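A short worksheet on the structure shown next.
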Amino acid sequence: MDAWWQCEIPYPYVDQKILDASPSVRAVLPNRLCDPRLAADLFEEVMDEFALCDDLGMNIICIEHHAGINSLIGSNPVVSGMLARQTKKVRLLSLGTLISLRADPVRIAEEYATCDVMMRGRFDIGFVKSGGTEFASANQNPVNNEERFWEAIDLVTKTLTTRDGPFSWEGKHFTHRHVNIWPGPYQDPHPRMWAATGDPRSAGEVGRRDFRHVLVLRGPEGTKAAYAAHRKARADAGMPKATTDNFAYAALVYVGDTEEEGIAGGEKLLWFLNTSLKSAPQFNRFLPGAAPPAAAPGLYRTKPKAQVGIDMKDAEKGVTTASQNAQKLMSLTAREAMQQGILFAGNPDSVYRQIMEFYDKVGGFGHLALIGRSGPMTHAESKKGIRLFSSEVLPRLREVKDIEVG
Amino acid sequence: MSEVHAAPRIESVTIHGLKLEVLRHGAGEKLVFLHGFQQPDPGARWIQLLGRRAEVIAPSMPGFGASERPKDYESTYDVLNTLTGFLETLPGKVTLVGSSFGGWMAAELAVRSCERIARLVLVDALGIKVSDRTTPDILDVFNTLPALVKAATWHDEAKAPDLDEQTDEQLMMRHRNWESLAMYGWKPFLHNPRLNYWLPRISVPTLVLWGAADGIVKPAYGRAYAARIPGAIFAEIPAAGHHPEIEQPDAFADHLLGFIAR
């Protein structure tokens, strides 16, 4: 198993009273609440933490979110480009530019190819479907987002793999008559691709495309179901069985010298859930296209009869939507988060054991993504967690070899 | 005193392979009503009032009510082609009434051709850009708290439909209506930047009718709409928001029937 460290660069300095009074902590808070000098400090600290990961041999992930306290990385390609040069050894996964929100996937492919060339092939490309407030921030239609997502991936892939361009693309969502990027990617045919998605329908597509499949904070049941859908889709398509290398899981992770110190660090990470996920109804349950029509009675009614709709299993998806998942996550305690496989925290032995218990519950995975710094965690605490994880836990995880699954 | 009303008939019409649900009620001059964010409630009083003197014909637009929205049918281009086909199924000319989103569609149809339109009525219509580029004319109903959208929609919120009383099927339709509206009107937001330019082409008598308390699109927007259409009359209905037909059905019907009788 390999490990990948990430920090979304949250901005934990907005007064709690302001957060409590606002229906959403994303998309709607004016940016005068974000002091650029404090933001500069945060970027400097976290870039140093990424560099520390590079020194210690732990891969890194650069994410993207927009206009909220949860993350200052609104421009993934800029930060990925910096990390391309700041790191020397480890792999960097961009997870990722929110492709279905950008106007031109060709431009994204160009940015990614440039990163891959600068890194001489140490670059991975991750695709994230996006959701919630991001549609408001990006002014993009949420209704057919998933369709746009897959077409964007198709166009990015063709752009990266075409060596004898220009070629023309006249699709439903994107048209570009003269595609020919310079340089193309360093890796042949293209960097390893990942996708973060939880519902079985798109999980199957991730499997058929042989992407590395990452589940973020989904807990054992949702993760197991998504991995199973990935494997089943491959089997149905007559593809060879996947190995655990195809599967990844992202959790909040903090390692301390002692169990208490580790859990105390983990508690700070919970800020990600209990503070930074707050979002207004128009950005989640009433977001057009987000919930299936069958869920409508539960969404609109205010009286007990309401539960009829919301309790119905989403027949098409089988698991909860991302916004429903977020609602559940917001009220977790550290112990609950640990029991649910959302948080791995404690001393090195304990964290290793928690990871492997989760590994067994979901049928194995080859990559652990650590959400390692969030909320009020300090630079010093973050560096300590990175060091302890790299030296005490990661070597043991590396002993877990890829196996064929399904 | 209770009045005995015939219930509107719900029929189905197929236009270019797409099944449209159409509400019909009353007899007389044909009055085609294009709805706003929700298809009309067959039990609405304004339908009864208009039906005494006119034939109300109200199609649910594709993706609204029980009307289909086929795969890849995602734009007002599609909707306008369907509505053009629908008007062609009606013999003679009609009074075309459009409310809110339907008002936008009605104005688009009228600038293309008034051949099948005897009169045009725009009720709290969307569809044009009036103010400067940093002043939105239309409340961003998708990115605003639902409670604020509700407050902006109604003069008296007690007139809003009670969602707790609606059936599962009605709520699922509401959900789908919202999705269809977003599909057609997300960007540019519920308007066509070029429509304002073409409005002077409208060559039939036009009434622009507005709820005085509309907070989705304010009466000043309605006045600007009317000013672009040659000879258009502008009228406000007091104590009504975005849906004067629901909040003040009698005043609404009086305005419409008076306009038809002119």
Side-chain angles (χ1 to χ4, degrees), chain A residues 21-24 26-28 67 100-101 103 132-148 151 171-173 278-312 314-315 321, chain B residues 37-38 62-78 101 133 136 139-153 157 160-191:
Chain A
S22 177
S24 175
R26 304 180 182 199
V28 303
S100 60
L101 306 184
T133 56
E134 309 285 3
F135 297 109
S137 297
N139 202 31
Q140 269 293 7
N141 195 323
V143 181
N144 54 8
N145 179 62
E146 189 170 333
E147 192 182 71
R148 205 165 53 238
E151 188 183 327
K172 176 176 169 186
H173 297 283
K278 186 183 180 187
S279 138
Q282 70 271 27
F283 301 132
N284 52 67
R285 52 201 185 104
F286 296 126
L287 183 73
L299 299 180
Y300 288 96
R301 286 203 190 104
T302 56
K303 292 178 184 166
K305 195 160 81 165
Q307 296 311 318
V308 176
I310 208 160
D311 283 352
M312 277 173 62
D314 173 356
T321 63
Chain B
F37 302 164
Q38 310 293 332
F64 291 84
S67 291
E68 299 173 338
R69 181 168 72 82
K71 182 171 165 23
D72 298 335
Y73 187 109
E74 297 181 350
S75 67
T76 54
Y77 172 83
D78 295 309
F101 172 70
R133 62 188 183 181
L139 180 73
D140 188 344
V141 295
F142 297 120
N143 290 331
T144 302
L145 271 179
L148 298 180
V149 174
K150 188 177 177 187
T153 303
E157 285 187 45
D162 181 353
L163 301 186
D164 285 324
E165 292 305 311
Q166 295 205 339
T167 64
D168 284 6
E169 194 192 9
Q170 284 174 315
L171 292 173
M172 284 189 261
M173 273 185 185
R174 170 170 285 267
H175 191 69
R176 183 167 163 270
N177 293 350
W178 199 238
E179 207 172 290
S180 302
L181 184 73
M183 199 77 257
Y184 303 143
W186 188 269
K187 187 170 72 174
F189 179 60
L190 292 170
H191 76 284

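Each chain gets a letter, A, B and so on, in the order its sequence line appears, and its residues count up from 1. Quick caveat: nothing in here was measured; it's all calculated off a predicted structure.
Separation of the B:Phe142 and B:Trp186 ring centroids falls under the 6.0 Å cut-off. Here A:Tyr300 and A:Phe286 bring their ring centres to under 6.0 angstrom of each other.
The 12-atom threshold is exceeded at CD of B:Glu157, counting heavy atoms of other residues, nucleotides or ligands nearer than 6.0 Å.
Neither the backbone nor the side chain of B:Asp140 has a heavy atom closer than 4.5 Å to any heavy atom of chain A. The contact between A:Glu147 and chain B is made entirely by side chain atoms (from C-beta outward), counting heavy-atom distances below 4.5 Å. In this structure, no portion of B:Ser180 lies under 4.5 Å from any heavy atom of chain A. Within the 4.5 angstrom heavy-atom criterion, no atom of B:Gln170 approaches chain A.
Defined by atom type and a distance below 3.5 Å, a donor-acceptor pair is present between the side-chain atoms of B:Asp78 and B:Ser75.
The aromatic rings of B:Phe101 and B:Tyr184 lie parallel to each other, with less than 30° between the two planes, well short of the 60° mark.
Chosen from A:Ala280, A:Ala136, A:Pro281, A:Pro142, the residue pairing most often with chain B at heavy-atom distances under 4.5 Å is A:Pro142.
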